[in-house]
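Here is the structure we will look at.
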Amino acid sequence: QKEVEQNSGPLSVPEGAIASLNCTYSDRGSQSFFWYRQYSGKSPELIMFIYSNGDKEDGRFTAQLNKASQYVSLLIRDSQPSDSATYLCAVGLGGSGGGADGLTFGKGTHLIIQP
Amino acid sequence: GAGVSQSPSNKVTEKGKDVELRCDPISGHTALYWYRQSLGQGLEFLIYFQGNSAPDKSGLPSDRFSAERTGGSVSTLTIQRTQQEDSAVYLCASSLAGPQGRTYTDTQYFGPGTRLTVL
């Protein structure tokens, strides 16, 4: 059974600092990795996706993937109070003909940016 | 208005009643997913449709749950004889293609959800 693990938090980070969110997954066949942000009472919204080992940067966000260690992380630079939300890590087999059961989501990390 | 839409946004029902939840995916998206999110919990996969293929029902929690997708577009999730533990937000997502191609197009976009409360 595919599992995605995240620290539930809350993770408290002062405004302007770097927030680091981590995720580990169990299925070595996983090919696609996503970070979603979910505000309280709202549906998840995609922040970033990454498929290759290494770093991928998009504005203040950097996703890091290490398939050998089976972890993926999200860094948020210059954290803002508006970044306070739950961050969901999702893993899929996508692109390899598998993953017909959709993405597997972690339970999310609750991030709080302190002004 | 090109996003995923769901209706109703809120549904309150009595235990034992049947409910139908609707999802209208992004135009052109062939893959459609249903998830359930209970209070304070992560997303629980329920069912997946890819085009006109038979759906993957491996996540449905019981035989009271069923879903259909007509014409490869709109989907309806039906819960029969609702129980209090069915109370949750039901989220629908669509993607351009399911995880069958090699172009990594399985980014899922979520609808606003339907909050179901079973009294």
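Every chain is numbered from 1, with letters handed out A, B, ... down the list of sequences. Everything numeric in this text was worked out from a predicted model, so none of it was measured.
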Taking CD in B:Glu85 as the centre, count heavy atoms belonging to other residues, nucleotides or ligands within less than 6.0 Å. Is the count above 12?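 Yes.
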
For B:Leu119, I'd like to know if atom CG has over 12 heavy atoms of other residues, nucleotides or ligands within 6.0 Å.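 Yes, enclosed.
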
Using modelled atom types only, decide if a donor and an acceptor are shared between the side chain of A:Ser43 and the backbone of B:Gly111 within a distance under 3.5 Å.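 A pair under 3.5 Å: yes.
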
Using heavy-atom distances under 4.5 Å, tell me whether B:Leu91 contacts chain A through its side chain, its backbone, both, or neither.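 The side chain, not the backbone.
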
Identify which part of B:Glu44 has an atom lying under 4.5 Å from any heavy atom of chain A, answering side chain, backbone, both or neither.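 B:Glu44 has no heavy atom closer than 4.5 Å to chain A.
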
Tell me whether [X] shares a hydrophobic cluster with [Y], the cluster being built from Ile, Leu, Val, Met, Phe, Trp, Tyr side chains joined at under 4.5 Å.
X        : Y       : answer
B:Phe110 : B:Tyr90 : no
A:Trp35  : A:Phe61 : yes
A:Val91  : A:Tyr71 : no

Toward chain B, the part of A:Gln38 with a non-hydrogen atom under 4.5 Å: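 Only the side chain of A:Gln38 comes within 4.5 Å of chain B.
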
For each of B:Lys57, B:Gln37, B:Arg115, tally heavy-atom pairs with chain A at distances under 4.5 Å, and name the one with the top tally.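 Highest number of pairs under 4.5 Å: B:Gln37.
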
With ring-ring contact (aromatic ring centres under 6.0 Å, His included) as the criterion, how do A:Phe105 and B:Phe45 come out once you've worked through the C-alpha distance, each side chain's angles and the decisive distance to 0.1 Å? CA-CA 8 Å; A:Phe105 283 81; B:Phe45 165 77; 9.9 Å; no

